[in-house]
Amino acid sequence: MENNHKKGKTKKFGMVIDLDKCTGCGSCMVACMSENNVPFKADETDKRLSITWMLVYKFNNGKAHPNYDECYLPRPCMQCEGDHGHSPCVSVCPAVATDYSHETGIVSQIYTRCFGCRYCMAACPYHARYFNWWDPAWPADMEKYLSPNVSPRMRGIVEKCGFCFHRYQLATDKAYYEGRDELEEGEYQTACTQACPAGAIIFGDLNNPEHMVHKIAQPDAKHHGRPKNPNAFRLLERLGTNPKVYYLSSRKWVRDSGDNYRPDEK
Amino acid sequence: MKIDRRSFLALSIGSTAGIHLTPLPWKLMDDSSIWTQNWPWTPVPKDGAANYVNSVCGLCPAGCGILVRKIDNRAVKIEGLPGHPVNDGRICGLGLSGLQMLYGGTRVKTPLKRTGERGAGQWRKISWRKAIEEISNTLIEQRKSGNPQALGAICSSDQGTTSQLLSRFLNVYGSPNFLRTPSVQSSYEMANALMNGSPKAVGFDLENADYILSFGSGLLDGWVSPVRMIRAHSIWQDEKVPVVQIEPRMSHTAAKADKWIAIKPGANAVLALGMAYVIIKEKLYDKRFIEKHSLGFESWKDEKGRPHKGFKQSVIENYTPVKVSAITGIDEAIIIQLAKDFAGAALPIALCGSGDGTAPGSLNEMAAIHALNALKGAINKKGGVWAVPSPDYILWPELEMDETASKGIQTERFDGAGGKKYAQARSLLNRLPEVINASSESPLQSLLVYNANPMYTMADSIAVKEAFAKIPLIVSFSPYMDETASYSDYILPNHTYLERYEDSATPFGFTQPLISLAKPVVKPLFNTKHTGDVIIKLAQVMGDQIAKAFPWKDYLTCLKTTMGDKWKTLVKQGYIVDKNHKAPDWAKGFETASKKFEFAAKAVNTDPKSDVIAPSELKPADLEGDAKAFPLVLIPYDTMRLASGFIGTPPFVVKTVGDDVLKANDSCVDINPQTAEEFGLTEGDKAMLTTPKSEVRVRAHLSEGILPGLIALPRGLGHSAYDKFLAGKGINFNALHAPKADPISGLDTTWGVRAKISKA
Amino acid sequence: MDLDSALWPKDVQRCSFPKFMIGITVVTLVLIWGVYAALLCWFKGLNQTNMNDYYGFALWIWADLAIIGLGGGAFFTGFLRYLVKKDELKNIINYAVLIGFICYSSAQLILGIDVGQPLRGWFIFWHANVHSMLTEVAFCLSCYFVVLCIEYIPLILENRQLDKEPFFHHLSHNMHGIMAIFAATGAFLSCFHQGSLGGVSGVLFGRPFGFREGIFIWPWTFFLFTWSAAACGPCFTILVTKLTETISKKQLVKPDVIDLLAKISGWMMFTYIIAKTVDTWYWALYTAPSKGFNWAFFYSDNAFYGPWILWLEIVICGYIPAMLLITKKTRQKNATLWTAIILASIGVCVNRWALVLQVMAPPVLPFDTWALYIPSWQEVATTILPIAYGVILIMISYRYLPIFPQERELNPITN
Ligand SMILES: Nc1nc2c(c(=O)[nH]1)N[C@H]1C(S)=C(S)[C@@H](COP(=O)(O)OP(=O)(O)OC[C@H]3O[C@@H](n4cnc5c(=O)[nH]c(N)nc54)[C@H](O)[C@@H]3O)O[C@H]1N2
Ligand SMILES: Nc1nc2c(c(=O)[nH]1)N[C@H]1C(S)=C(S)[C@@H](COP(=O)(O)OP(=O)(O)OC[C@H]3O[C@@H](n4cnc5c(=O)[nH]c(N)nc54)[C@H](O)[C@@H]3O)O[C@H]1N2
Ligand code: SF4
Ligand code: SF4
Ligand code: SF4
Ligand code: SF4
Ligand code: SF4
Ligand SMILES: [Mo]
């Protein structure tokens with residue numbers, strides 16, 4: 001039995017999000033909220049005070065009709081590895097309340113450790129981190145729907161997407177009981193991946209050449225995981241954050257919107 | 001003195017140092033931080049045994065399969081049911097938020113009777129027995145006065161056992177006034193009945209089409225079956241199926257389409273016929289279908305020998321690309337190309353029905369687009385529009401009508417549906433305000449409202465309220481305190497869809513006959529009762545023939561008996577689907593007199609000189625309001641981020657609404673920068689938006705994604721009911737909307753209204 | 001004879017007690033307002049501020065960094081006095097220490113309000129992450145604060161009445177004796193935390209406006225912050241001294257002392273601003289463009305963060321005061337000296353402003369928008385709180401402690 005539980009290979013969980021398929025419906029956002037006990041308040045229209053671990057951005061090509069075009073882009077936490085082994089947010093946290101797991105490649109967030117200095121938020125160029133400005137409150141009987149797998153966060157601390165890490169735990173627990181030490185590709189899927197009506201989100205182990213994410217993104221190990229697929233790109237590649245979320249688009253202007261370019265580069 | 005002070009100091013310094021050497025401060029420090037990690041006001045969800053229940057989502061007509069994760073008796077997460085024919089494990093934001101409706105603060109927890117003014121929110125709790133007794137007494141009283149037809153019911157669907165129980169109740173009571181809320185379905189069914197001669201439901205074989213031409217249908221904005229549409233879209237992406245979206249505003253559908261063709265509002269029929277012109281001229285149509293299986297393509301003579309122009313001739317005479325271009329605002333070349341692309345595809349499909357599908361001249365529009373499909377034979381063919389048989393599992397004993405009932409049921413419907421003027425219509429809820437407000441005493445004396453919220457969803461809010469005020473008795477079955485429930489006399493709260501059994505039949509647009517069963521995921525939380533039970537009880541209390549019509553002990557018995565041997569499978573699997581269903585072939589698929597597809601439906605020809613699908617008068621549909629006073633046109637739009645009709649948007653979904661749609665409590669309207677400049681507006685400006693019906697404050701959102709001269713307002717906001725997470729946010733389009741009835745169908749013109757805007 | 005004159009330092013004149021109390025009361029009211037705001041932030045949470053997820057560092061963090069910069073006079077004057085043996089500076093070192101003490105205690109107070117979970121603040125020590133600038137800042141800041149306390153305590157003990165107590169007298173005497181060690185420790189710690197504060201935005205490689213690469217992060221940014229604090233801190237000490245003189249209508253420090261400090265500051269500023277110019281130049285020419293930005297982009301969107309900031313910081317509050325202080329004539333002329341020390345103090349504040357607030361403002365994601373932020377009254381009050389507290393501490397210290405050794409000599413009591 002013990003032998004069956006040798007430590008598996010290191011994983012690098014990641015996503016490929018197909019922007020050609022994403023319709024901007026927002027299901028992934030809601031799936032995330034309902035999976036992860038994300039709180040809500042009466043006015044959520046100030047988006048800089050609204051906790052959305054998954055956020056679907058909408059942007060356009062800046063052209064006038066009839067050349068006008070729009071795109072939707074879902075943004076979870078990118079679980080940055082950093083080109084130099086430092087995630088932007090992890091290296092700055094003074095209390096090690098957020099950490100990079102070399103076993104899964106997931107950037108964790110330890111709510112009971114975080115003391116709310118918000119340095120990590122300043123560090124994250126993707127605005128994937130959210131502060132609990134208020135005490136979370138679930139009116140009426142809504143506390144009843146809270147999932148015991150994810151602890152609700154208290155006021156005064158930072159939270160973010162952790163690739164539904166509890167689902168990884170549940171899946172590995174299950175595998176352990178069944179005497180397996182490797183998970184099947186579909187066994188650990190995030191809530192947003194599962195819900196997406198378009199099937200636009202693909203989730204898996206970027207280190208595993210059998211997995212769809214690897215096949216599609218074709219991460220180039222020599223260049224910090226930069227995608228070899230010409231239609232794939234990562235957000236803000238030039239900053240050296242080395243994210244694990246890849247985007248696909250057949251539209252050039254969309255791919256070009258993934259990073260900053262000086263006017264003289266265009 | 002000196003010694004005292006010195007010793008005091010020594011003591012204090014010593015003790016300070018001493019205390020720090022003890023564990024006390026460190027312990028306190030530690031404890032206080034532990035306390036912050038366990039603040040008693042931050043909940044800790046109780047753990048327990050995880051289990052799953054499969055059921056059906058009841059939040060929109062699509063009826064997706066759901067799998068609900070439970071911890072002990074608490075439902076903690078709704079997911080899509082893998083394998084379900086509609087959604088196969090996928091789910092939309094609204095469906096995901098169902099638990100916020102279940103456990104949320106807008107539930108009606110017990111039967112209520114109004115005590116104060118209508119709508120004042122003053123209620124008294126009442127027992128189920130007492131409430132049913134009081135209502136039955138009133139109904140018996142009314143019936144005795146010989147006016148059973150004064151009882152009406154509004155219901156979002158006429159399928160499923162509960163709706164059928166309600167309809168049966170009305171029948172045996174003696175009233176023909178069962179009202180279904182209008183939807184895209186109403187118009188499709190009408191067009192289908194006229195041209196296919198088929199009373200059957202309509203299905204779209206979208207997954208197999210190879211060219212999608214959508215006349216404003218918000219395929220990715222909540223149209224008909226939101227999850228299924230988005231899944232289909234991904235198939236189109238994989239298969240590189242071209243999608244063309246024709247609409248004046250760049251919706252999510254248009255943004256994802258290969259081509260967005262911005263058309264002037266109200267010109268869909270004209271464009272469709274313009275395309276038909278090209279297809280006919282270039283002989284690109286399906287000759288086999290046209291020649292063998294259609295009627296009315298060529299000119300013909302009727303029984304009296306009067307000549308009628310055929311489809312071909314009317315189109316060729318009137319719909320030249322030049323003329324069509326002028327009306328639609330689309331380049332001639334584009335129209336021609338579009339027609340060629342459509343006709344060049346092997347399995348194209350054209351779709352229509354924006355909003356509830358009742359655009360002005362909607363029947364013309366439906367028919368024109370249906371005709372376009374016909375030109376390519378995209379009817380009852382792979383990838384096309386199918387006739388889908390209605391499930392016929394509800395086979396209840398024939399009604400025994402007493403004299404009052406037999407007489408009452410013969411009276412003409414108060415809304416005129418099926419009457420002389422609107423012979424084709426089955427139900428015209430939209431005419432309710434007009435009819436009631438025109439008479440001194442309301443033709444409806446009692447109204448039962450089930451699964452509908454007309455006080456919010458009907459156009460021209462003021463007229464609607466005026467009409468409802470004139471109805472002496474309004475009973476709502478809503479589980480939530482929605483606008484109509486707030487304005488009723490009794491609320492007899494139903495269980496929510498997560499607490500009850502409920503069957504539903506093939507959702508509109510689906511091609512495979514399907515029966516689904518929702519079942520209680522959790523035990524009812526409050527003192528609510530299944531509406532089916534209430535109707536059965538009500539009937540039984542009323543006695544005689546009425547009681548006899550409902551021989552079941554309770555709703556569950558009725559449902560089980562109705563389902564017969566399907567029950568077991570339904571309980572286990574959640575649905576029964578006929579996966580092998582194929583469209584009837586052309587030879588058998590049409591139930592018109594000619595057994596063919598009929599281009600010109602004689603029945604609709606109120607004016608013998610014109611033919612329904614090819615009006616000789618070439619102009620976009622009329623709108624309410626003076627074009628000088630109101631130089632702009634306001635159109636509504638739907639988005640997946642707002643529950644437009646069926647239910648109040650739950651907090652999670654409201655959270656996904658962009659700040660270009662809702663900002664604090666203001667609705668934002670889309671407006672083209674050019675138009676904005678004309679009216680002195682810049683991004684985010686507060687503005688007054690005025691229509692012939694009302695004036696409201698909005699904010700301007702500038703977008704190149706809308707044609708100049710238009711303003712677009714999202715639907716689903718402006719609720720006065722529900723809780724602080726929804727109530728008071730934004731504007732209800734219906735408050736601004738001036739409806740105009742389609743002369744043939746009688747359905748509303750819901751796509752727009754004249755408007756003006758100025759800086760506030 | 002006043003009520004409390006027995007507590008005054010020997011042979012000096014102070015204003016009447018009622019007048020003093022009126023002054024104290026006015027400032028205390030401001031203090032109470034600030035305390036009330038701070039309590040709101042503690043008990044109701046940081047929703048009392050207008051900070052948001054884009055502006056997680058805001059007004060008071062800027063104030064925090066600014067006062068730490070301004071408080072740099074303490075360590076640098078101490079350094080000059082005890083290590084470089086600029087003996088004249090003993091006449092201003094007390095005040096420099098007091099100002100430093102105020103600045104650093106305020107900074108700690110602000111941090112205690114700023115963090116979302118103050119009761120867990122000590123996790124920064126317990127679960128320290130050595131990679132984090134804030135960890136370094138927290139450690140050095142706290143240690144340096146202890147040093148400042150140690151430097152401030154003998155001053156308190158010199159109160160005329162306390163000094164009568166032999167124990168205190170000896171304690172303070174002995175502490176003075178070993179002050180050089182603390183001054184050295186203080187200077188060392190200060191170099192570190194000032195430097196790490198400089199690194200706070202410099203290491204944010206996700207924020208191209210603040211980010212510095214290669215030698216421009218280490219040691220350049222660290223050096224810049226320490227250097228600017230060392231340059232501008234003394235100017236602030238002089239500024240407060242001159243303000244105190246103006247208010248008390250007395251000369252408290254001899255001009256040669258001020259002149260010396262001002263001259264050193266001038267040269268420090270001059271060297272600093274050249275280094276800062278080089279830093280900015282490299283960032284604008286290489287760092288920002290390599291991330292896909294034209295440097296001007298960061299000053300392009302709104303008047304709030306316009307190019308004026310750059311001008312103000314580098315030229316108006318950098319080169320100009322440096323030149324004014326280096327040049328003997330302008331340094332020794334009252335008006336130009338005032339101008340220079342005010343500009344220098346503003347300069348360091350503007351620098352911290354840019355490196356805290358402006359870092360947050362420009363969008364990094366190409367499809368995002370600029371973020372602007374206006375503080376709430378609670379933030380303003382909480383930020384003013386330390387100023388009120390500082391004024392009170394200065395008022396009390398000045399009244400009862402022999403802060404200015406030259407006061408007696410410069411203001412002989414005639415009657
Ligand atoms: N989440 C959620 N989904 C739902 C529902 C819900 O409540 N919640 N309700 C369901 C129901 S009942 C319905 S009926 C559907 C409604 O869903 P849709 O049919 O998608 O309704 P709309 O978005 O109003 O209309 C689609 C588009 O038509 C465009 N349009 C407006 N006027 C014109 C015109 O004159 N010509 C053309 N070509 N285009 C025009 C608008 O710009 C808009 O983008 O949604 C269903 N789905
Ligand atoms: N403002 C606005 N008006 C619209 C539309 C819009 O999008 N916005 N859309 C138009 C369209 S497309 C349509 S189809 C119509 C729809 O108009 P309606 O058919 O009136 O639809 P809903 O508003 O969905 O009404 C459903 C109400 O039933 C209640 N309900 C929900 N579940 C249950 C249940 O299980 N039992 C009972 N008894 N009640 C239940 C809810 O409280 C809800 O308010 O509205 C049209 N008018
Ligand atoms: S759920 Fe899927 S389609 Fe919808 S917004 Fe998210 S990624 Fe896009
Ligand atoms: S996206 Fe932001 S929060 Fe997530 S790992 Fe990267 S820097 Fe950290
Ligand atoms: S806010 Fe929390 S997670 Fe972020 S840096 Fe501070 S302590 Fe670390
Ligand atoms: S992976 Fe999980 S936590 Fe992250 S956005 Fe998706 S649902 Fe939310
Ligand atoms: S599409 Fe309709 S039925 Fe399906 S999950 Fe969404 S709300 Fe429920
Ligand atoms: Mo509808």
Contact class of [X] relative to chain C, heavy atoms under 4.5 angstrom:
{"X": "D264(A)", "result": "side chain"}
{"X": "V90(A)", "result": "backbone"}
{"X": "L235(A)", "result": "side chain"}
{"X": "R113(A)", "result": "both"}
{"X": "I51(A)", "result": "neither"}
{"X": "S87(A)", "result": "backbone"}
{"X": "Y57(A)", "result": "side chain"}

Practice task
Over 60° means perpendicular and under 30° means parallel, so classify the ring planes of W122(C) and W126(C), tilted if in between.
Solution key: perpendicular
Handout entry: Top contributor to chain A contacts, counting heavy-atom pairs under 4.5 Å, from L111(C), L119(C), V137(C), L204(C)
Key =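 Of the options given, most contacts go to L204(C).
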Completion exercise
Answer key: most heavy-atom pairs under 4.5 Å with chain A among D368(C), D114(C), V359(C) is D114(C)
Can any side-chain N or O of [X] pair as donor or acceptor with the backbone N or O of [Y] at less than 3.5 Å?
{"X": "S50(A)", "Y": "D46(A)", "result": "no"}
{"X": "N302(C)", "Y": "F304(C)", "result": "yes"}
{"X": "K12(A)", "Y": "L206(A)", "result": "no"}
{"X": "Y282(C)", "Y": "E213(C)", "result": "no"}

Handout entry: Residue pair T221(C) / M133(C), side-chain heavy-atom distance below 4.5 Å
Key =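 No, every pair of side-chain atoms sits at 4.5 Å or beyond.
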Between [options], which residue shows the highest count of heavy-atom pairs closer than 4.5 Å to chain C?
{"options": "S257(A), A95(A), G258(A)", "result": "A95(A)"}
{"options": "R48(A), R262(A), R238(A)", "result": "R48(A)"}
{"options": "M154(A), K58(A), R75(A)", "result": "M154(A)"}
{"options": "Y126(A), F59(A), W134(A), Y119(A)", "result": "Y119(A)"}
{"options": "P263(A), C114(A), C80(A), C124(A)", "result": "C114(A)"}

Problem - Over-ring placement of R153(A) relative to Y111(A), 6.0 Å and 45° cut-offs - result: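 Flagged: R153(A) positioned over aromatic ring of Y111(A).
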Exercise for the section: Assess R352(C) against F225(C): is NZ or CZ under 6.0 Å from the centre of the six-membered ring, and within 45 degrees of the ring's axis? Expected result: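 Flagged: R352(C) positioned over aromatic ring of F225(C).
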By a 4.5 Å heavy-atom criterion (distance strictly below it), what part of [X] contacts chain A: side chain, backbone, both, or neither?
{"X": "P363(C)", "answer": "neither"}
{"X": "V200(C)", "answer": "both"}
{"X": "A371(C)", "answer": "both"}
{"X": "T287(C)", "answer": "neither"}
{"X": "S290(C)", "answer": "backbone"}

Fill in the blank from the handout: Quick note, side chain to side chain donor-acceptor pair (under 3.5 Å) partners involving residues 291-301 of chain C, not counting sequence neighbours, are none
Problem - Check against side-chain contact (heavy atoms from CB on, under 4.5 Å), F298(C) and W283(C) - result: CA-CA 12 Å; F298(C) 296 99; W283(C) 167 82; 3.6 Å; yes
Exercise for the section: May I ask you to decide whether E81(A) forms a salt bridge with R234(A), counting only side-chain N to carboxylate O separations under 4.0 Å? Expected result: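 Between R234(A) and E81(A) there is no salt bridge, as every charged N stays at least 4.0 Å from the carboxylate O atoms.
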Fill in the blank from the handout: Which of K252(A), R251(A), R255(A) passes side-chain hydrogen bond (donor to acceptor under 3.5 Å, both in side chains) with N231(A)? It is R255(A)
